[in-house]
Number of protein chains: 2
Amino acid sequence: MTSIRPRPATLTDIARKVGVSTATVSYVLNDAPAGRRIPEATRTRVRSVADELGYVPHASARSLRKGTTDLLLHVQADIVQGPLAADFVHGLTQSVRGLGYTLVQYGAERHRGVKAARSWAGMRPAAVIAPRDRLTEAGTDVLRKAGIHVFAVGVAPEESAGTGVSTLNMDHRGLGHTAGRHLVERGYQDIAALVPRTQLLARMGNERLTGLKEVAEDQGAAVRPAEMDWTPDSAADVVAGWLEDGLPDAVFGYNDEFSGLLLGALLDAGVRVPERVALVGADDTMVCRMLRPELTTVRMECQGHDEVARSIVGAVQEDTQVHLSPWSPVLVRRQT
Amino acid sequence: MTSIRPRPATLTDIARKVGVSTATVSYVLNDAPAGRRIPEATRTRVRSVADELGYVPHASARSLRKGTTDLLLHVQADIVQGPLAADFVHGLTQSVRGLGYTLVQYGAERHRGVKAARSWAGMRPAAVIAPRDRLTEAGTDVLRKAGIHVFAVGVAPEESAGTGVSTLNMDHRGLGHTAGRHLVERGYQDIAALVPRTQLLARMGNERLTGLKEVAEDQGAAVRPAEMDWTPDSAADVVAGWLEDGLPDAVFGYNDEFSGLLLGALLDAGVRVPERVALVGADDTMVCRMLRPELTTVRMECQGHDEVARSIVGAVQEDTQVHLSPWSPVLVRRQT
DNA sequence: TTGTATGCGTTATCAC
DNA sequence: GTGATAACGCATACAA
């Protein structure tokens, strides 16, 4: 049962029906300064016909003519987005829409480097916002050569110096500081830090670890990293290792989910939390409220999306580099 | 510090540089669709220049000329995507890319109805894949009139009869069946089912409840629904209510996250799980492995993404309605 | 006050 | 075999 596919209405269709030229229609629909003096009668007539025909301007045609797109292309990371990232993207979508831009997301795993850059560039977005592991130097070059602004996510400003690439970054070291400050203040001396083993997460884990170390060692507390995979078995292994080498006083669990897995393993081993081992997660997801004891965590609070949107759009329009880091760490005390 | 924005290379640029016509260049780069004979020498020359200039075909220009886009627009739901949905979208993105399509996601909250439909239609995607609550009848009309295929997510085939709208649906009732079968088999007679109070989730919750009821009441077991919000307080309220009215033998917790919250509240109230109250979640997220006791759950397994992609693309190309429901429920027994 | 004409980058149909 | 050239839908400078 194949239905005929309707042909979308065009400016010409409207013009014909109203009995004016396409220029007039275009002027009316865009409230163009050039055609300021079009009688109200014509205007309403044009508008009503446009409505009746269900006219929707053809974004491709428009962008071809204008030479620019209103598209911001966000390339998703391979890892599943947590609520933090999801909220950020949704809020940003809303905010940039108010500024005349359309934020669109593209998520294909293992799609990176020059080949990926080419396919992104084909859409001629005003900007590409992509995680660091999707961007190679050559790939970035393709985008820059196509006049597309590039935002590298998870890259520190220093790293992108001289590349013409803007950055959008979370201060993982600062998060580590906050977690560390809390733990040393409570008197813990032997602190362990979980670090994910997988590539992308490992980088963030190490930055959080660094922040934790800076604070802890400054206060004479020792910090030992522990690599862990995103599995219950790996959590059990970590705990088993500690039972041999000696349990730490406290653990910074990288994020809530790794912490949750670890908590399970600790309880299985009969370790009392937080009496014997304290535990701090990160991200303040609902997971903290499900676990018993409830998880103490470090939340990353984002400044207003509108402000972030303005910074991004500004950088895109002027094609100037900016370095954004709109999140600040806040400790949320609970039971652990 | 404003840098000059480079102008992307075009076919004409290549043609000029090589010394042939744009037609020749186009044929070479598209691998001569018509039976064109172009000497190998020219071909390699064209290709190398294209490469050197970093040429990327302009998707807008192409779609304007061809009259169709390779775009599939996925409109995200307001709720945060769980790993199940995220995996599905990522896999689908990959698969449709193999079929020459580009799946792109658009997530703006509270953007619905005709206004939203217009902005989606402006991109002239081959299809729009949107959750039911984003699609009004008028909005769907706008899309259909623009020749855009519409997939309604979370809509049963019966509901879309005669509307020309395809559906992509999860069999929540079947999920309820699986959970129910497990519980009655284990001999529970007084079963409670959590149902989220918020609009979008409430619908799914009720479908799951219906499935559970069908199985349970058939076996002489009673089912009582309990409304709950996505907060720890609400979970505590539910438990408090049960303590007054009598605890159920078993609970189907809607999904893992609601179940996790409820588990916390049950433990707080001194209720032993699973000895006094059994608990079944859904989605098989990592949350199940964090909680103690570990959560029994119903996983929704998706058939191959490639097959789903083929169905979608087929429906789009022929503009015929299809009704997809690619997930099947599987019970995962754990401690609860 | 409104219409005509042009060009954006591509592809496809024609002549040569 | 290859090169002009028209057309896709839209915006705008310019002509009327």
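This is a predicted model, so every value here is computed, not measured. Every chain is numbered from 1 and lettered A, B, ... according to where its sequence line falls, protein lines coming before strand lines.
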Nearest-nucleotide pick for A/Asn30, side chain only, options being C/dG9, D/dA11, D/dG9
D/dA11
Taking the side chain as C-beta and beyond, is there a heavy-atom pair between A/Val18 and A/Val25 under 4.5 Å?
no
With sequence neighbours excluded, give me every salt bridge (charged side-chain N to carboxylate O under 4.0 Å, His left out) pair touching residues 114-124 of chain B.
A/Asp51-B/Arg118
Quick check: on DNA chain C, is the nucleotide nearest A/Ala61 upstream (toward 5') of the one nearest B/Lys66, or the reverse? Name the residue that is more 5'.
A/Ala61
Looking at B/Arg47 and B/Asp31, is there a salt bridge between them, counting it only when a charged N and a carboxylate O are closer than 4.0 Å?
yes
More 5' along DNA chain D: A/Thr12 or B/Thr42, using each one's nearest nucleotide?
B/Thr42
Without decimals, in angstroms, what is the distance between A/Arg124 CZ and C/dG9 P?
9 Å
Please enumerate all residues that pass salt bridge (Lys or Arg N to Asp or Glu O under 4.0 Å) together with A/Arg203, with sequence neighbours excluded.
none
Just the rounded figure in Å: distance from C1' of D/dT2 to CD1 of B/Ile14.
17 Å
Does any part of the side chain of A/Pro131, heavy atoms only, come nearer than 4.5 Å to the side chain of A/Asp78, both counted from C-beta?
no
So what does A/Ser60 hit on the nucleic acid, given a heavy-atom distance under 4.0 Å: a base, only sugar-phosphate, or nothing?
nothing
Could you tell me how far apart A/Asp31 (CG) and D/dT12 (C1') are, to the nearest whole angstrom?
16 Å
Please name all residues satisfying side-chain hydrogen bond (donor to acceptor under 3.5 Å, both in side chains) with A/Thr93, sequence neighbours left out, ordered by chain then number.
none
For nucleotides 3-6 of chain C, which of its nitrogen or oxygen atoms have a protein nitrogen or oxygen under 3.5 Å away, and what is each distance?
residue	atom	partner	partner atom	Å
C/dG3	OP2	A/Ser21	N	2.7
C/dG3	OP2	A/Ser21	OG	3.1
C/dG3	OP2	A/Thr24	OG1	2.9

Below 4.5 Å, heavy atoms only, C-beta onward: do A/Arg134 and A/Trp120 meet side chain to side chain?
yes
If you check every side-chain atom of B/Tyr55, which of C/dT11, D/dG9, C/dT10 has the closest atom?
C/dT10
Looking across every strand, which nucleic acid part, if any, lies under 4.0 Å from A/Leu11 by heavy atom: base, sugar-phosphate, or nothing?
sugar-phosphate
Take the protein atom CG of B/Asp13 and the nucleotide atom P of C/dG9, then report the distance between them rounded to whole Å.
8 Å
Length of the NE2-C1' vector between A/His58 and C/dG9, whole Å
13 Å
So how far off straight is the helix from C/dT1-D/dA16 to C/dC16-D/dG1, going by the axes through five pairs at either end, to 10°?
60°
Between C/dT1 (C1') and A/Glu40 (CD): distance, integer Å:
14 Å
Nucleotide C/dT2, atom P - distance to CZ of A/Arg45 in whole Å
14 Å
Figure out the CZ/C1' separation between A/Arg62 and D/dA11, and round it to whole Å.
9 Å
Suppose we screen for side-chain hydrogen bond (donor to acceptor under 3.5 Å, both in side chains). Which residues come up paired with A/Lys17, at least two apart in sequence or across chains?
A/Glu52
Using a strict cut-off of less than 4.0 Å between a Lys/Arg side-chain nitrogen and an Asp/Glu carboxylate oxygen, indicate whether B/Arg7 and B/Asp13 qualify as a salt bridge.
yes
